Amino acid sequence: MVQRKETKWEVIGWIFTVAAGVLLHFTYDWSGQNTVAAALSAVNESTWEHMKLFAVPWILWSVVEAVALRNADAPTLAARAAGLLVGLAAIPVLYYTYTGVVGDHFLWADIAVFLLATVAGTVVSRCLLREGKPAGMLWQVVGALVLLGVGALFIWWTYDPPLLPLFQEIQPGAAGRS
């Protein structure tokens, strides 16, 4: 019964992450480029800001799921943190791989990268929840710190991005450079 409840929350979380990620692509401009909206929304077309479209809803849903499953004896925060890291790694790996192979980027492929990253993160999180690993309060604390730390970096580097290609806006026809 508990596993069925966990699966339900993970599936709803996947839907939430996809839907919110799509909306967050536009909310910065919709807000008139409000600096508060910038903390949660994509502010440009860099790979980093597209990773934020995954991270923000994922982290927000992780809090909701942790509260919902608090009595289920599930390692929710650790599992969600692992899923976050896998999804975040998947985005640049998939994006730079496909653009390196084909020499350009395409909207449909960029969307597919986002969807695959959310699926990968959800599968990892779900598998860890199903196995009940990593178990223990220490892992829950580590998971919470990872979620908070990653969230803080996304906010900080929105306003003060490092001078690295990952943070540079992708120009049309400039595949593999971001």
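Computed from a predicted model, the values in this text were never measured in an experiment.
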> Looking only at heavy atoms, which two atoms of A79 and L128 are closest? And how far apart?
CB-CB, 3.8 Å
> For R80 and S62, work out which heavy atoms get closest and say how close.
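Closest pair (atom of R80, atom of S62, distance): NE-OG, 2.9 Å.
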> To the nearest 0.5 angstrom, please state how far the OG1 atom of T47 sits from the CE atom of M51.
8.0 Å
> Given the rule in the side chain to side chain donor-acceptor pair (under 3.5 Å) test, do T35 and Y159 qualify, once you have shown the distances and angles that lead to the verdict?
CA-CA 9 Å; T35 56; Y159 300 107; 5.4 Å; no
> Look up atom CG in L94 and atom CG in L115, then write down how far apart they are to the nearest 0.5 Å.
11.5 Å
> Rounded at 0.5 Å granularity, tell me how far OG1 in T158 sits from OH in Y28.
9.5 Å
> Which label fits W48 and F167: parallel for a plane angle under 30°, tilted from 30 to 60°, or perpendicular past 60°?
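The arrangement is tilted - the two ring planes meet at 30° to 60°.
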> When hydrophobic residues are tied together by side-chain contacts of less than 4.5 Å, even through go-betweens, does V142 share a cluster with V124?
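Hydrophobic grouping puts V142 apart from V124.
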> Is there a side-chain contact between E45 and H105 in this structure, where contact means two heavy atoms from C-beta onward sitting under 4.5 Å apart?
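Contact flag for E45/H105 side chains = no.
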> Using 30° and 60° as the class limits, which term best fits the ring planes of Y98 and Y95: parallel, tilted or perpendicular?
perpendicular
> Would you say L53 and L116 are hydrophobically clustered, going by side-chain heavy atoms of ILVMFWY under 4.5 Å?
yes
> To the nearest 0.5 angstrom, please state how far the OG atom of S125 sits from the CD atom of E65.
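It is 5.5 Å, given to the nearest 0.5 Å.
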> Treating Ile, Leu, Val, Met, Phe, Trp and Tyr as nodes and any side-chain heavy-atom pair under 4.5 angstrom as an edge, say whether L85 and F114 lie in one connected cluster.
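Yes: a chain of side-chain contacts under 4.5 Å links L85 to F114.
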> Just by distance, do the side chain of S46 and the backbone of E49 share a donor-acceptor pair under 3.5 Å?
yes
> On a heavy-atom basis, which atom in G121 and which in V86 lie closest, and how many Å separate them?
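In this case the closest contact between G121 and V86 is N-CG1, 4.4 Å.
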> Which heavy atom of T76 sits nearest a heavy atom of Q140, and at what distance?
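Closest heavy-atom pair between T76 and Q140: N-OE1, 3.4 Å.
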> Checking W61 against W9 for the ring-ring contact (aromatic ring centres under 6.0 Å, His included) test, could you report, in this order, the C-alpha distance in whole Å, the side-chain angles of both residues, the deciding distance, and whether it holds?
CA-CA 9 Å; W61 187 260; W9 281 97; 5.6 Å; yes
> Ignoring hydrogens and angles, write down the donor-acceptor pairs under 3.5 Å from the side chains of residues 145-153, residues two or more places apart or on other chains.
none

> Quick check: is V141 connected to V67 through a chain of hydrophobic side chains (ILVMFWY, heavy atoms under 4.5 Å apart)?
no
> Tell me the closest heavy-atom pair linking A37 and T27, and the distance in Å.
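So the minimum-distance heavy-atom pair works out to CB-O, 4.4 Å.
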> Any chance you could measure T99, atom OG1, to Y96, atom OH, to the nearest 0.5 Å?
7.5 Å
> Please determine whether the number of non-hydrogen atoms from other residues, nucleotides or ligands lying under 6.0 Å from atom CH2 of W156 exceeds 12.
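No, the 6.0 Å shell around CH2 holds no more than 12 heavy atoms from other groups.
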> Are L60 and L88 linked, directly or through other ILVMFWY residues, by side chains that come within less than 4.5 angstrom of each other?
yes
> For side chain to side chain donor-acceptor pair (under 3.5 Å), just list the numbers for H50 and D110, CA-CA rounded to whole Å, side-chain angles, deciding distance to a tenth of an Å, and then say yes or no.
CA-CA 9 Å; H50 282 89; D110 295 346; over 6 Å; no
> Nearest 0.5 Å, please: how far is CD in E10 from CZ in F16?
13.5 Å
> I need the minimum non-hydrogen distance between A66 and L77, along with the two atoms involved.
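Taking A66 first and L77 second, the nearest heavy atoms are CB-CD2, 3.7 Å.
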> Treating K52 as the side-chain partner and L40 as the backbone partner, does any N or O pair qualify as donor plus acceptor under 3.5 Å?
no
> Can you confirm whether W157 is buried at CH2, in the sense that more than 12 heavy atoms of other residues, nucleotides or ligands lie under 6.0 Å from that atom?
yes
> Hey, are the side chains of D104 and F106 touching, using non-hydrogen atoms and a 4.5 Å cut-off?
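Yes. Closest side-chain heavy atoms under 4.5 Å.
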> Going through the distances and angles, do T17 and W58 end up as a side chain to side chain donor-acceptor pair (under 3.5 Å)?
CA-CA 6 Å; T17 301; W58 184 275; over 6 Å; no
